[in-house]
Amino acid sequence: MNSMKSLKKNIIFTLLLLFPFITCCACGNGGDTLANGIVARVSGRGEGVLQQIVVPPMPKEASFAGEKMPLENFDVYESLQREIITITHWHGSLIYIMQLAGRHKPVVEKILKEEGLHPDFFYLCVAESSLQPATSPANAKGYWQFLASTGKEYGLEINSQVDERYNWEKSTRAACKYLKKAFEKYGTWTLAAASYNIGMANVDSRIGYQSIKNYYDMQLPIETARYIYRAVALKCIMNNPQVYGFHIDAEDLYKPVECKEVIVKGSIANWSDFAAKHNTNFKMIKMFNEWIRSNSLDNKSGKTYKVLVPVEGARRR
């Protein structure tokens with residue numbers, strides 16, 4: 001019995017020693033050998049692309065909303081580098097975000113311009129929701145991740161049938177309203193943006209006992225401490241994807257879908273029937289109007305809603 005156990009141990013030990021060599025030989029025709037016999041090749045357009053895990057390049061300078069990021073300070077440099085390293089290895093998620101940006105970025109940037117905000121705030125939206133109708137563990141919802149109380153404070157309708165946190169235009173304008181108010185209070189867009197994550201009361205408290213109003217000098221909760229860096233890292237990577245190893249052709253980006261605006265002033269008994277009358281289906285109506293949260297709309301107050309309806313043929317790619 002003991003000799004059998006000894007033989008098994010010897011066989012296992014030998015296989016472990018030979019594993020890197022076996023892996024290298026097995027993949028010799030389809031991979032490239034890296035250090036210690038590790039083989040990695042991912043297919044791309046044309047020839048295979050050798051994937052190596054490296055520290056991605058850092059920008060020589062960076063800014064948020066026109067305000068310089070002090071990269072000469074080691075803690076600031078390392079904080080931005082951490083986010084760039086993390087995000088460049090999201091791979092599939094980041095590709096999807098960049099595809100979605102092809103569809104949603106023009107809409108958001110147009111509203112930001114109309115509201116007098118810097119286009120960098122688009123990347124704050126990316127950091128918040130990845131441009132998707134998300135719900136956070138704290139129950140913040142929508143593209144700009146408003147809590148229900150804050151959303152209502154900034155003019156969003158939120159109930160069982162309508163939730164304008166999922167309305168691209170209205171939620172973006174509400175976010176702009178908040179950010180402009182915070183800027184008036186703090187004097188910098190960077191700290192105004194940080195307050196969007198943690199709330200003005202929390203920022204006020206920390207200013208009170210730290211006697212500092214500079215985001216890059218303040219001690220903040222980890223999520224807020226990483227918040228601006230994450231937005232800037234997204235800006236760096238999404239504006240220069242090839243520098244960070246993402247080769248995405250223009251045809252890979254999702255295009256805006258042509259829609260017509262249908263004004264609704266009364267109630268809707270059934271959104272599917274509404275969709276059928278406009279030669280589409282509820283799936284398409286919902287896709288472009290995530291703010292619709294029920295199969296019907298009572299609209300007892302007689303409000304006016306703009307419903308985006310894809311024009312005939314728009315679904316075809």
Side-chain angles (χ1 to χ4, degrees), residues 54-73 75-132 134 143-145 168 171-172 175-176 178-180 182-183 186 188-198 214-216 220 222-250 252-254:
V54 298
V55 177
M58 282 285 288
K60 291 183 179 179
E61 56 184 35
S63 64
F64 179 78
E67 298 171 0
K68 183 178 179 293
M69 179 177 279
L71 290 180
E72 63 272 14
N73 297 335
D75 55 306
V76 174
Y77 183 94
E78 291 175 7
S79 295
L80 179 59
Q81 187 177 55
R82 176 185 182 180
E83 301 308 321
I84 288 177
I85 290 171
T86 300
I87 293 169
T88 54
H89 290 94
W90 283 354
H91 296 159
S93 295
L94 187 56
I95 288 174
Y96 186 53
I97 289 169
M98 286 191 276
Q99 289 177 311
L100 287 173
R103 177 169 296 154
H104 300 304
K105 187 179 181 182
V107 175
V108 175
E109 287 192 333
K110 179 177 180 290
I111 296 170
L112 291 174
K113 185 176 181 179
E114 290 172 355
E115 295 287 342
L117 265 69
H118 197 283
D120 279 0
F121 282 101
F122 167 74
Y123 300 100
L124 207 68
C125 182
V126 179
E128 283 288 347
S129 66
S130 298
L131 305 180
Q132 295 167 65
Y143 307 112
W144 286 91
Q145 290 290 279
W168 270 111
S171 65
T172 301
C176 290
Y178 175 97
L179 291 162
K180 286 190 282 189
F183 177 75
Y186 301 120
T188 69
W189 290 113
T190 305
L191 194 53
S195 79
Y196 192 86
N197 176 259
I198 197 177
N214 185 320
Y215 172 81
Y216 299 107
L220 295 162
I222 185 63
E223 183 181 338
T224 311
R226 297 180 64 179
Y227 189 59
I228 302 301
Y229 296 104
R230 184 170 295 137
V232 172
L234 285 162
K235 180 177 78 166
C236 291
I237 298 165
M238 293 174 71
N239 285 341
N240 303 280
Q242 292 190 353
V243 171
Y244 295 94
F246 291 88
H247 299 272
I248 302 174
D249 293 337
D252 293 323
L253 302 178
Y254 298 152

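Residue numbers count from 1 along this sequence. Keep in mind it's a predicted model, so treat the numbers as computed, not measured.
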Q. Taking only residues two or more places apart in sequence or in another chain, which ones pass salt bridge (charged side-chain N to carboxylate O under 4.0 Å, His left out) with Glu114?
A.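 With sequence neighbours excluded, Glu114 shows a salt bridge (charged side-chain N to carboxylate O under 4.0 Å, His left out) to Lys110, Arg173, given in chain and number order.
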
Q: With sequence neighbours excluded, tell me which residues meet salt bridge (charged side-chain N to carboxylate O under 4.0 Å, His left out) with Glu61.
A: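 Partners of Glu61 under the salt bridge (charged side-chain N to carboxylate O under 4.0 Å, His left out) test: none.
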
(Q) Test your reading of the model: is there a side-chain donor-acceptor pair from Glu67 to the backbone of Thr188, 3.5 Å cut-off? (A)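 No; judged by distance alone, with no hydrogens or angles, the pair does not exist.
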
Q: Would you check if the side chain of Asn214 reaches a backbone N or O of Tyr216 as a donor-acceptor pair within less than 3.5 Å?
A: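 The answer is yes, because a donor-acceptor pair under 3.5 Å joins these two groups.
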
Q | Pairs involving residues 80-90, ordered by first then second residue, that meet salt bridge (Lys or Arg N to Asp or Glu O under 4.0 Å) (sequence neighbours left out) | A |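 Qualifying pairs, neighbours excluded: Glu83-Arg226, Glu83-Arg230.
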
Q: Output every pair passing salt bridge (Lys or Arg N to Asp or Glu O under 4.0 Å) with a member in residues 84-98, not counting sequence neighbours, ordered by first then second residue.
A: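 Matches after skipping sequence neighbours: none remain.
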
Got a sec, which residues hit ring pair (Phe, Tyr, Trp, His ring centres under 6.0 Å) with [X], two or more places apart in sequence or on another chain?
X      : value
Tyr196 : Phe146, Tyr178
His118 : none
Phe64  : Phe121

Q: Could you tell me which residues satisfy side chain to side chain donor-acceptor pair (under 3.5 Å) with Asn197, sequence neighbours excluded, listed by chain and number?
A: Glu223, Thr224

Q.
For Tyr244, give me all partners under side chain to side chain donor-acceptor pair (under 3.5 Å), at least two apart in sequence or on another chain.
A.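 Partners of Tyr244 under the side chain to side chain donor-acceptor pair (under 3.5 Å) test: none.
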
Could I get the full list of side-chain contact (heavy atoms from CB on, under 4.5 Å) partners for [X], not counting sequence neighbours?
X      : result
Val107 : Ile111
Cys125 : Ser129, Leu131, Tyr143, Trp144, Trp168
Ser63  : Lys235

Q | Contact summary for Phe183 and Ala192, nearest pair of heavy atoms | A | N-CB, 3.7 Å

